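Computation of the quantities below employed the complete heavy-atom set of this structure, encompassing side-chain atoms and omitting hydrogens, waters and symmetry-equivalent molecules. Source: prediction; values computed, not measured.
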Amino acid sequence: MGSPRRTTGLLLAALLLSASAVVPAHAATAFKVLQMNLCNSGIAGCYQNGLAVGEAVTMIQNRQPDVVSVNEVCLSDLPALTAAVGTSARYQFAFVRNRSTGSDYQCTAGRGAYGSGIIVKEGIATSGTGVYAAQDGGTEMRAWACALSAVRGFTACTTHLSTTGTTALAQCRELVPATVLSYDPTASPSTRHVVVGDLNLKYSPGSTTNAQNCVPSGWFRKGDGDVQHVVARTLAFVSTQTYTMRRTDHPAFVVNYTF
């Protein structure tokens, strides 16, 4: 007959093994980012009488993203787009400035200010917008907008950069990382950040205006094969998808991550 001490030890070990077998592993949380350029100013040749907004609403409903970035939109487009994301969703708008007048750049037909929007499904704790110090010689003074999630504590930013490559790169470096990190209330290296938009830069190794040249150490970039990109940190990459859009000149671009 075995000793009582040995028997007790074996029973304890068996109980511990049994308990560990039923404790589920921590499940990763899916996190989806959707980027769209809707060409909805009314000025560019790709404009299709506002129909891109309805197409974008359908895209949001089908993809069910946590964060949506939209470029080349009017301020009046944001309520419908935000409602499609969810009842708790909120947005921040990046107001493009008119160099000639000093006021907000306007969409046609009285549809309000022109720019980009960042929409966060679970609401926004704090947010902000601004124009870049670096600008090209065009009428539009390009802008950014950032929002800190009200629930999960990540920061998401949208932007639409200059069509001049060297200026676009300077703007990208202005936004990432300093401006983005200024929305981190804890200054923690583990805080999650995503910068989303039409950067007007392509992945082109060896080029001085390679999109990768504005990706700082500790961050990583995913692109749609053209000018739309997501630059992120402290997220686990899963996959990307592109979806054809017929009412604008850019596809919808989705990046899937996990926390």
Checklist entry - Between Asn210 (side chain) and Ser204 (backbone), is there a donor-acceptor pair under 3.5 Å? => result yes
Checklist entry - Would Val194 and Leu235 count as a side-chain contact (heavy atoms from CB on, under 4.5 Å) if you check the C-alpha gap in whole Å, the side-chain angles of each, and the deciding distance to 0.1 Å? => result CA-CA 9 Å; Val194 288; Leu235 288 164; 3.4 Å; yes
Item to check | Plane angle bin for Tyr114 and Tyr105 - parallel if under 30°, tilted between 30 and 60°, otherwise perpendicular | outcome: tilted
Checklist entry - Once the angle between the rings of Trp219 and His193 is folded into 0 to 90°, is it parallel (under 30°), tilted (30 to 60°) or perpendicular (over 60°)? => result tilted
Checklist entry - Measuring from Asn37:CG to Ser116:OG, what's the distance to the nearest 0.5 Å? => result 7.5 Å
Checklist entry - Checking Gln171 side chain against Ser162 main chain: does a donor-acceptor pair fall under 3.5 Å? => result yes
Checklist outcome for this item: Distance col, row Met36:CE vs Asp198:CG, nearest 0.5 angstrom, shows 13.0 Å
Item to check | Intermediate values then yes/no, side-chain contact (heavy atoms from CB on, under 4.5 Å), Thr167 and Leu169 | outcome: CA-CA 5 Å; Thr167 305; Leu169 185 59; over 6 Å; no
Checklist outcome for this item: Closest heavy-atom pair, Asp104 versus Gln106, reported as atoms and distance to 0.1 Å, is O-NE2, 3.2 Å
Item to check | Pairwise distance CZ(Arg221) to SG(Cys172) - rounded to 0.5 angstrom | outcome: 10.5 Å
Next on the checklist: Quiz question: by atom type and distance under 3.5 Å, do the side chains of Asn40 and Asp77 form a donor-acceptor pair?
Outcome noted: yes
Next on the checklist: Just so I know, are the side chains of Val67 and Ile119 near enough to count as touching, which here means a heavy-atom distance under 4.5 Å?
Outcome noted: no
Checklist entry - Short question: side chain of Arg99, backbone of Met141 - any donor-acceptor pair under 3.5 Å? => result no
Checklist outcome for this item: All heavy atoms of Pro251 vs all of Thr242, minimum pair found to be CB-CB, 4.4 Å
Checklist entry - Do the side chain of Lys32 and the main chain of Val254 share a donor and acceptor less than 3.5 angstrom apart? => result no
Checklist entry - Between OG1 of Thr82 and CD of Gln92, what distance do you get to the nearest 0.5 Å? => result 11.0 Å
Item to check | Sequence neighbours excluded - salt bridge (charged side-chain N to carboxylate O under 4.0 Å, His left out) pairs with any residue from residues 144-157 | outcome: Asp66-Arg152, Glu122-Arg152
Item to check | Non-hydrogen side-chain atoms of Met59 and Asn62 separated by less than 4.5 Å | outcome: no
Item to check | Note, Val227 side chain near Lys202 side chain (heavy atom, < 4.5 Å) | outcome: yes
Checklist entry - Linking I/L/V/M/F/W/Y whenever their side-chain heavy atoms sit closer than 4.5 Å, directly or via other members, would Val195 and Leu181 fall into one cluster? => result yes
Checklist entry - With a 4.5 Å heavy-atom cut-off, do Asn200 and His160 have their side chains touching? => result yes
Next on the checklist: Does Val238 form a side-chain contact (heavy atoms from CB on, under 4.5 Å) with Phe31? I'd like the steps, not just the answer.
Outcome noted: CA-CA 10 Å; Val238 177; Phe31 182 68; over 6 Å; no
Checklist entry - Any idea which heavy atoms bring Gly117 and Val73 closest together, and the distance? => result N-CG2, 4.3 Å
Checklist entry - Less than 4.5 Å apart, any side-chain heavy atom of Val53 and any of Glu55? => result no
Checklist entry - Going only through I, L, V, M, F, W and Y residues with side-chain contacts under 4.5 Å, is there a path from Val120 to Val33? => result yes
Checklist entry - If we only count heavy atoms from C-beta on, is the Ser149 to Phe154 side-chain gap below 4.5 Å? => result yes
Checklist entry - Any idea which heavy atoms bring Cys39 and Glu72 closest together, and the distance? => result CA-OE1, 3.4 Å
Checklist outcome for this item: Note: Pro79 and Ser76 closest approach over all heavy atoms is CD-O, 3.5 Å
Checklist entry - In Å, rounded to the nearest 0.5 Å, how long is the span from CZ of Arg247 to OG1 of Thr58? => result 11.0 Å
Next on the checklist: Tell me whether Gln228 contacts the main-chain N or O of Asp226 through its side chain, where contact means a donor paired with an acceptor under 3.5 Å.
Outcome noted: no
Item to check | Rounded distance [0.5 Å steps], OH in Tyr183 versus CD1 in Ile124 | outcome: 10.5 Å
Checklist entry - Side chain of Arg233, backbone of Thr191: donor and acceptor closer than 3.5 Å? => result yes
Item to check | Pair Ser239-Asn256, side-chain donor/acceptor within less than 3.5 Å | outcome: yes
Checklist entry - Same hydrophobic cluster for Val176 and Tyr203, using side-chain heavy-atom links shorter than 4.5 Å among ILVMFWY? => result no
Next on the checklist: Tell me if a side-chain donor or acceptor on Arg173 pairs with a main-chain N or O of Asn213 at a distance below 3.5 Å.
Outcome noted: yes
Checklist entry - Between Trp144 and Thr158, is any pair of side-chain heavy atoms under 4.5 Å apart? => result no
Checklist entry - Should Leu78 and Met245 be counted in the same cluster of Ile, Leu, Val, Met, Phe, Trp and Tyr side chains packed under 4.5 Å apart? => result yes
Item to check | Arg111 side-chain N/O to Ser41 backbone N/O, donor-acceptor pair under 3.5 Å | outcome: yes
Next on the checklist: For the backbone of Leu161 and the side chain of Arg142, can you confirm whether one donor and one acceptor N or O come within less than 3.5 Å of each other?
Outcome noted: yes
Next on the checklist: Are Phe220 and Val255 linked, directly or through intermediate hydrophobic residues, by side-chain heavy-atom contacts shorter than 4.5 Å (ILVMFWY only)?
Outcome noted: yes
Item to check | Val70 vs Leu81, side-chain contact (heavy atoms from CB on, under 4.5 Å): CA-CA, chis, key distance, verdict | outcome: CA-CA 9 Å; Val70 282; Leu81 296 167; 4.2 Å; yes
Next on the checklist: Measuring centre to centre across the rings, with the benzene-like ring taken for any Trp, is Tyr243 within less than 6.0 Å of Phe253?
Outcome noted: no
Item to check | Residue pairs involving residues 56-96 (criterion disulfide (SG to SG under 2.5 Å); sequence neighbours excluded) | outcome: Cys74-Cys107
Item to check | Within residues 47-93 or reaching into it, pairs that qualify as ring-ring contact (aromatic ring centres under 6.0 Å, His included) - sequence neighbours excluded | outcome: Phe93-Phe95
Item to check | Flag, side chain of Asn71 to backbone of Thr159, donor-acceptor distance under 3.5 Å | outcome: yes
Checklist entry - What pair of heavy atoms forms the shortest contact from Pro216 to Pro177, and how long is it? => result CG-CD, 4.1 Å
Next on the checklist: Is the shortest side-chain heavy-atom distance between Val85 and Ile60 below 4.5 Å?
Outcome noted: yes
Checklist entry - Is it the case that Arg192 places NZ or CZ above or below the six-membered ring of Phe259, under 6.0 angstrom from the centre and within 45 degrees of the axis? => result yes
